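See below for the structure under consideration.
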Amino acid sequence: MESEKTNGYLIVECHLGEQPQILFADNAACALTNLNLEQLLRTNPEYIVENQDIRRIMLDTLHELWILESTSKSQYQTILDQLQRQNAELSEALRACEEENQAKSKFLSNMSHDIRTPMNAIMGMTSIGLSHIDEKPRVLDCLQKIQTASSHLMSLVNDVLDMSRIASGRMTLSEETFSLADMVHDITIIIRPQAAQKHQFFQMEIGKIYAENLIGDPLHLRQILVNIIGNAVKYTQKEGSIYVSFAQHIESKQQEKQQKVWLDFVCEDNGIGMSPEFLKRIFIPFERVNNSTINKIEGTGLGMSIVKNLLERMGGEITVESTEGKGSCFHLSIPLNVASVNQDQYPLPTGQTVLIAESLDNLAQQIIDYLKDGGMNVIHLKSGIETVTWLTEAQYENRMPCALLVGQQLTDMSALDMASHVRQLAGKDFPIIMVADADWVQIEYRATRAGINGFVPCPLFQSRLFATLSELTAKIQQKHSDSLEIDFDYSRYRLLLVEDNELNREIALELLSLTGVQVETAENGLRAVEIFSHSPEGYFDLIFMDIQMPLMNGYDAAKKIRQLPRKDAQTVWIVAMTANAFVEDIRLSQEAGMNEHCSKPVNADRLHEILHKRLSHTNL
């Protein structure tokens, strides 16, 4: 049964050339138009025509009866509801814009201070260095401070650029194989000196690891982890404590078949903590705690927003627990694919005995577990005297272990003192490997003099322990070195440096001159193509190519060179040396035919690495 409908009635007077006038309206007409009687009698009837379904009946030459047909909801009310919704949406958008503008204003105010601080240091130290140009120690101190300030300024710029690219949707993640052990080691090298400056207790532990070789975006993953641990160092007081742990878990057997693991990361500190109110806003761009302590700490307020956005793109999760005045704890879980590895890459002394000298039970147990997984027998002792005595008897009875692993701490003497005794006893070829969280650069001289011929850094990964143990027990003559300063003669090689900026060209020439390589220059891509095309075949061994240049950019120049009808056009190495340092920029350079990518500001070690990779194998 249809619901009863109530129509509204109006009597309208119409004079030719004049506005119609409502003479009568009933209650139903008032209800349908959402107007009271007084408002309705003053309303222009034509307005009602636009918003109501009306039937008109002529009463006489001047008067009409208008019947306003009732519906479950009048068109007028529908339009009114739409307008109200639009007003609410516009009000919310206005509020969001105002909040964003306020946040950006605060950000610009903070950035003005944060950018001026390193800039003042750079300009001030430059002036001081110039005024003491003949005092080498003073100039060296100024240069070191300029380098520190420059690094900080670059980090500020990178944060702003990263946030801009994320907001615009232009941030892309790479998929490449990387070593978790190498990444954690790099992070330790970055963070430990910062914690040491504040005399903080910094501890990093490794839990259950299913796979060390993973597939993901190591650059952005490192950025996430360094950001969180760096914040813990910044916002923890002097002599405070910071605890970091890495572990992995597998959610199901199905994931295990698919070779996917979750990287679990925890960073806990006893620093200043955060209020419940700020915890709700921690991932909002430009947000910073507003108090006198925090305001003295440099930052953009973008770090955690970048972390959150990157984690979401990686499919990861983050939770934060914090109590103001007591500290904070961050939990991260990130899915990563497992890379295939050569299971026989480390020929281990399976079935042989390894002697461990370490009084710290946690580290000793970790080493024991790793060695047993590798099929080795383990003897564990805690004191230096016990170790020397055991080795003396073993040497006499011809049952020497294949290696000695010296830990961080012994109960009766230092690890280096014991190593010195063992070296005299066992001879120069016996492997003595130190496993510690010490800075190897600082202790290397004393350690090698004491007889240490291998070092494995903590936090300890199985792959690093196995690699060092395998290398020494197999009696490889020379340890693998990460140092790039290998004395090769590059003087017979020639490279073309393509750079339009005169200052950048001067810097690159100076750095390259230290290697002895012969350098010719071009100020743009078009000139580079001309020089290469008119040179004898095989004349250039390497080309360093800027990207953004007048007349012809680096991408087009590389493509032109690759298309030249000569053999060396396909074989000459072309290296992008540019400020375009994002993942998509590297992809574009590869698509243009370039072999390597060297981002600006130019790093001397990176130049050495590229020269060594391309030229040293022909220098033997």
Side-chain angles (χ1 to χ4, degrees), residues 177-192 202-216 218 221-222 225 244-248 261 263 265 336 338-350 352 354-358 360 362-376 378 380 401-409 415 419 431-444 447-448 452-476 478-484:
T177 301
F178 68 95
S179 166
L180 180 63
D182 291 344
M183 174 176 290
V184 173
H185 180 62
D186 292 343
I187 293 171
T188 306
I189 290 175
I190 294 170
I191 298 297
R192 196 179 293 280
F202 179 73
Q203 183 179 3
M204 188 179 289
E205 292 188 355
I206 306 299
K208 176 64 176 178
I209 300 295
Y210 291 93
E212 293 184 25
N213 293 288
L214 304 169
I215 299 174
L221 182 57
R222 185 187 298 110
L225 301 177
V244 175
S245 71
F246 290 87
Q248 291 175 348
V261 298
L263 177 64
F265 166 82
L336 295 164
V338 177
S340 58
V341 294
N342 180 11
Q343 299 294 330
D344 299 324
Q345 58 182 321
Y346 304 123
L348 296 171
T350 305
Q352 299 188 43
V354 178
L355 178 61
I356 301 173
E358 171 60 80
L360 298 177
N362 289 342
L363 178 57
Q365 190 59 50
Q366 187 180 18
I367 298 173
I368 291 170
D369 291 342
Y370 284 166
L371 294 176
K372 287 185 176 180
D373 284 345
M376 286 162 276
V378 180
H380 176 211
C402 65
L404 167 65
L405 300 185
V406 182
Q408 296 184 154
Q409 187 174 306
I432 305 177
I433 302 170
M434 189 172 197
V435 181
D437 62 3
D439 186 345
W440 177 246
V441 174
Q442 294 184 4
I443 68 169
E444 181 178 8
T448 53
I452 302 291
N453 54 358
F455 178 74
V456 181
C458 289
L460 182 62
F461 281 86
Q462 189 180 65
S463 63
R464 286 178 172 266
L465 178 64
F466 282 3
T468 304
L469 186 62
S470 171
E471 183 179 11
L472 292 179
T473 54
K475 297 181 180 180
I476 298 176
Q478 197 173 14
K479 286 181 60 180
H480 225 43
S481 174
D482 291 331
S483 173
L484 298 171

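What you see is a predicted model; the values in this text were computed from it and never measured. Starting from 1, each residue takes its place in the sequence as its number.
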Backbone N or O of L460 within a donor-acceptor pair of the Q366 side chain at under 3.5 Å?
-> yes
Any donor and acceptor pair, going by atom type alone, linking the side chain of Q248 with main-chain N or O of Y210 inside 3.5 Å?
-> yes
L336 and L180: CA distance, side-chain angles, deciding distance, side-chain contact (heavy atoms from CB on, under 4.5 Å) verdict | CA-CA 11 Å; L336 295 164; L180 180 63; over 6 Å; no
Distance-only side-chain donor-acceptor flag, D369 / Q365, under 3.5 Å | yes
Supply the atom-to-atom distance [X] [atom1] to [Y] [atom2], rounded to the nearest 0.5 angstrom.
X	Y	atom1	atom2	result
E212	R464	CD	CZ	9.0 Å
L465	T468	CG	OG1	7.0 Å
I433	E471	CD1	CD	9.0 Å
F202	T188	CZ	OG1	6.0 Å
I367	N362	CD1	CG	11.0 Å

What residues form a salt bridge (charged side-chain N to carboxylate O under 4.0 Å, His left out) with D186, not counting sequence neighbours?
-> R222
For a quick test of reading the model, state the closest non-hydrogen atom pair linking [X] to [Y] and the distance between them.
X	Y	value
L225	M183	CD1-SD, 4.2 Å
L469	M376	CD2-SD, 3.5 Å
G454	L472	CA-CD1, 3.9 Å
P349	C402	CG-SG, 3.8 Å
F455	A436	CZ-O, 3.7 Å
E358	L363	OE1-CD2, 3.3 Å

Salt bridge (Lys or Arg N to Asp or Glu O under 4.0 Å) contacts touching residues 202-211 (sequence neighbours left out) | none
Considering residues at least two apart in sequence or located in another chain, which fulfil the side chain to side chain contact (heavy atoms under 4.5 Å, CB included) criterion with A447?
-> L416, W440, I452
If we only count heavy atoms from C-beta on, is the [X] to [Y] side-chain gap below 4.5 Å?
X	Y	result
F265	V244	yes
Q352	T473	no
F246	L263	yes
L405	V456	no

Begin from the C-alpha positions of V378 and K372 and carry the test side-chain contact (heavy atoms from CB on, under 4.5 Å) through to its verdict.
-> CA-CA 7 Å; V378 180; K372 287 185 176 180; 4.2 Å; yes
